[in-house]
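So that the names make sense, note that chain A is the first sequence line, chain B the second, and so on, each numbered from 1.
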Amino acid sequence: MDGSKAPEVFLKPYDPAAQEPKILEMWEKSGYANPDVCVEKGVTKPDAESYSIVLPPPNVTGTLHMGHAAMLAVEDILIRYHRMRGYKTLWLPGTDSAAIATQSKVETDIYKKEKKTRHDLGREELLRRIDEFVEESKATIINQTKKMGSSLDWSRYAYTMDPPRYRAVMEAFMRMYEAGLIYRGNRIVNWDPKLQTTVSDDEIEYVEQKDPFYYFQYGPFVMGTVRPETKFGDKCVIINPADERYKKYKHGQKIDLEWIDGPITATVIHDPDQDMEFGSGVMTITAAHDAHDFELAQKYDLPVIQVIDDRGILLPIAGEFAGMHIKKARPAIVEKLKAKSLLVKVDENYVHNVATNSRGGGVIEPQIKRQWFIAVNKAVEFPDGKTMTLKERMREAVESSAIKIMPERFEKIYYHWIDNLRDWCISRQIWFGHRIPAWHHEPKCIPISGREADISKCIPIIVSREKPECQFCAAAYEQDPDTLDTWFSSGLWTFSTLGWPEDTKDLKTYHPTSVLETGYDIIFFWVARMILMSGFLLGDIPFRNVYLHGLVRDAKGRKMSKSLGNVIDPLDMVNKYGADAARLSLIIGAAVGNDIKLSEDRVRGYKHFANKLWNIARFVLESDRDPMRSDLIGSDQRLVDEVQNVVKSVSEHIDKFRLDLAADQAYHFVWDRFAAEIIEESKPILKAGGEPAASRSYTLYAILLTSLKLLHPFMPFVTEAIWQELPSKESDLLMVAKWPFDSAQGKFV
RNA sequence: GCACCCUUAGCUCAGUUGGUUAGAGCGUUCGAUUCACAUUCGAAAGGUCUCAGGUUCGAACCCUGAAGGGUGCACCA
């Protein structure tokens, strides 16, 4: 008997605030989050299988919210479990530049303090200020991330705008351009007049809005519209050839009629897809400011006339209304048409969806613009030799089960999205971001003196990694002012963080990654784009499993928002109840893909559990025992077997990504079985002494050890804190202790 | 409009091949406590598993339909 008594620290309740910083420091010093260190120190075998997760990078200028905390908890559990299982385990951290969000934040701050706009500062100065801001604020999110107990390998930290990632983005653009996947086109795009930039289809959020629906006399027809201010250039009228009401009007027929600014000649177009049920069944075409109309204009080769400028101001075509903002112009135009007796009726309660920029921008105005696009329907050759379109590639990756999406129902949503996907507009008119490697020739050619100049040969635009020089004249090239959609660089994230385009050891070892864990709200933005990018650039999938977690809501199921005042700050919870409690509250009861309803009571409940474990340890360590003992009496052997079976079951739940069930089971075993029953029935046995007491005290110690390992992935701090107080242990840190069950082999270790 | 999901105790949710008496946490009520537990233990109350049909020896679970709630996508002149 070693007769040891429990260390004094156990005399007080578990105090996360005192323990957590010490534990964090020990973990950090150990370097075990870095798989190379684990191999060096003999914790992981050099030829071990690898397991990797790349952290979905939070906004570099943001702060940690509950969604992040849930994400960190899930990933850290998977990582710690696999590290203990002996995998070569990498969890790679990073932050995202969040182009539009960051730029608007800095612009707003500058305007508040200095009353200056980005145009007053100029591009270079604005970018300098943004970098400054990023430098200042990035420590916040990084420190908060660490406080959750995340065992990330910070030696591999990546930032979307750092030089290696910038280079990867340029390389990706060049390769896609050279393959003909990236092209420049003059097409209708989603224009945000507030942020002055284009926005991709996926960033659009439709908001229900009530607006008057006007019916106007248009020659012999009545046309309906919510947007009279766009109708100046409308000279084509669409009817369905099957529509009995308009049978006498032939396709191509010219009709003279009175319109907003006087007489015009309209052309009748027959289109079999025209909806006869909607409004009057008659529609005029506004090709420049409506995606559907633009398609029709292309189909029937109709003129496309811009009516509204980038700021929402009417152009000269609007006659007396030119120069007015569309908001003010609308009622004025309606008044004029009414005065001309062209207003037939108004439906005041028309409810429709208005496109807005979900990234905090304004109401979208479709505009025709020359932008860069990625062709999703063009067949190209992939690095693995297959020839197909990007759409087909994205579909195949999931259909072939190479990638598994959890919960499964999101696979259908994913396919549905692919089917409706149009070419992806990747250029943005903001300054902060990866600049497009395209170079524009100066507007005028400058002949080179003393040389026969053939300026007609000058190439107006060149796509190149380096700034090109004109072969034919002395004019310079200037870089395209646009930057890339932030999701372009995000799409490369699983491999740009591992050193691509270099053929690095990390890339070979850790790609494809094992799991991508993220919120279901960015499945299209991000998940699909990663599949697209690694498909084309590597000929491989970016990850094997997609684990989609739900949104964290308040106790009543409402979204957490500042305006509702129901935001629970994860750091508050960590300070009050400890990181372990915060983590458990986000895991237990949260099945894959389901929203998580969180209340402070839940967090408090799990703090009690941390304390429970603490006291179990105190009790077990206080009793005398023989650490070398190995032969147990029968009833005790059965207890050990029982724990083993719990370990097995918990392992299987984790393997199936049912972390909620795994955590719940471990929790109940430790509290209801170990503490409430096993320890209680041990008290008289220990008191009685003799052989049964010796066997039992060793048994309790063994169950404690296993319980600590079992709970470590879920509540790493308190388990590690107890581990540190153990009189003898197999490894200096619980973080790298051996997980007691090998589910691949199906046996206990 | 097309598709998907949800509806189980007062609240939040488990219940994954259809099988005794449907479970947990929180909350409520009552009791215990010289004990490893300031954060402990025991017990109780609380259910027409949304509704209506069907399959089955047997349904919370499978099928059909309905209602309510939610989500994605499209349309929106």
Check your understanding: Are A/Asp290 and A/Arg227 close enough, and set up right, to give a salt bridge (Lys or Arg N to Asp or Glu O under 4.0 Å), and what steps lead you there?
Key -> CA-CA 11 Å; A/Asp290 183 286; A/Arg227 305 199 59 196; over 6 Å; no
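Summary of the strand contacts: A/Arg227 and A/Ile204 both lie near RNA chain B, and taking for each the nucleotide with the nearest heavy atom, the more 5' one is attributed to A/Ile204.
B/rU21 makes up no base pair with any nucleotide shown, lacking Watson-Crick or G-U wobble contacts both under 3.5 Å. Both distances falling under 3.5 Å, in either a Watson-Crick or a G-U wobble arrangement, place B/rA3 opposite B/rU71. Here B/rA44 sits opposite B/rU28 as a Watson-Crick or G-U wobble pair (both hydrogen-bonding atom distances under 3.5 Å). The partner of B/rG65 is B/rC51, by the rule that a Watson-Crick or G-U pair needs both atom distances under 3.5 Å. For B/rG58, there is no paired base (Watson-Crick or G-U wobble, both distances below 3.5 Å). For B/rA9, there is no paired base (Watson-Crick or G-U wobble, both distances below 3.5 Å). Searching all strands for a Watson-Crick or G-U wobble partner of B/rA38 with both distances below 3.5 Å returns nothing.
Nucleotides B/rG15 and B/rU8 have their C1' atoms positioned 9 Å apart, rounded to a whole Å. Annotation: B/rU29 and B/rA45 have their C1' atoms spaced 7 Å apart (nearest Å). Between the C1' atoms of B/rG27 and B/rU20, the separation comes to 30 Å (whole Å). Nucleotides B/rC63 and B/rU21 are separated by 28 Å at their C1' atoms, to the nearest Å. Nucleotides B/rA32 and B/rC37 place their C1' atoms 15 Å apart, quoted to the nearest Å.
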Could you go through nucleotides 23-28 of chain B and list every protein N or O atom that sits under 3.5 Å from one of its N or O atoms, giving the distance for each pair?
unit_1 : atom_1 : unit_2   : atom_2 : d
B/rA24 : O2'    : A/His668 : NE2    : 3.1

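Residue A/Trp671 has a polar side-chain atom (N or O) positioned under 4.0 Å from OP1 or OP2 of B/rC41.
Residue contacts for A/Ile679: at a heavy-atom cut-off of 4.0 Å it reaches a base atom on one of the strands shown. Among the heavy atoms of the strands lying under 4.0 Å from A/Asn611 is at least one base atom, whether or not backbone atoms are also near. Here A/Leu661 lies in heavy-atom contact (under 4.0 Å) with a base. Residue A/Lys656 is classed as having no contact, given no heavy-atom separation below 4.0 Å to the nucleic acid. Nucleic acid contact class of A/Ala675 (heavy atoms, under 4.0 Å, all strands): base.
Atom pair A/Ile405:CD1 and B/rC4:C1' shows a separation of 14 Å (rounding to whole Å applied). Going from atom CD1 of A/Ile188 over to atom C1' of B/rA77 covers 14 Å, rounded to whole Å. Protein atom CD of A/Gln274 is 15 Å distant from nucleotide atom P of B/rC75, rounded to whole Å. Straight-line distance from the CD1 atom of A/Ile418 to the P atom of B/rC2: 23 Å, rounded to whole Å. When rounded to the nearest whole Å, the span between NZ of A/Lys612 and P of B/rA38 equals 10 Å. In this entry the distance linking NZ of A/Lys576 with C1' of B/rU39 reads 15 Å, nearest Å. In this structure, NE2 of A/His653 is placed 11 Å from C1' of B/rA14, rounded to the nearest angstrom. Rounded to a whole Å, the NE2 atom of A/His416 is 10 Å from the P atom of B/rA3.
Nearest to the side-chain atoms of A/Lys607 among the listed nucleotides B/rA74, B/rU39, B/rA77 stands B/rU39. When distances are taken from the side chain of A/Tyr206 to each of B/rA77, B/rC76, B/rC37, the shortest belongs to B/rC76. Nearest nucleotide to the A/Ala676 side chain, out of B/rA77, B/rA36, B/rG42: B/rG42. Among the nucleotides B/rC75, B/rC37, B/rA77, the one closest to the side chain of A/Asp275 is B/rA77. The A/Ile616 side chain lies nearest to B/rA36 when the options are B/rA36, B/rC76, B/rA77.
In this structure, A/Tyr350 has its ring center under 6.0 Å from that of A/His352. Aromatic rings of A/Phe669 and A/Tyr667 (six-membered ring for Trp) have centroids beyond the 6.0 Å cut-off, not under it. Aromatic rings of A/Tyr577 and A/Tyr606 (six-membered ring for Trp) have centroids beyond the 6.0 Å cut-off, not under it. Checked against the 6.0 Å centroid threshold, A/Phe619 and A/Phe10 do not count as a close aromatic pair.
Taking the side chain as every heavy atom from C-beta outward, A/Trp614 and A/Val718 approach each other to under 4.5 Å. Inter-residue side-chain proximity for A/Lys231 and A/Thr225 is flagged as met; some heavy-atom pair is nearer than 4.5 Å. A/Tyr206 is listed as a side-chain neighbour of A/Ile204, based on a closest heavy-atom distance under 4.5 Å.
Of the options A/Ile238, A/Val237, A/Thr284, a side chain to side chain contact (heavy atoms under 4.5 Å, CB included) to A/Met223 is made by A/Thr284 and by none of the others. Under the salt bridge (charged side-chain N to carboxylate O under 4.0 Å, His left out) rule, A/Glu229 has a single partner from A/Lys327, A/Lys336, A/Arg330, which is A/Arg330.
For B/rA14, its base never sits under 3.5 Å from the side chain of A/Gln665 at any donor and acceptor pair.
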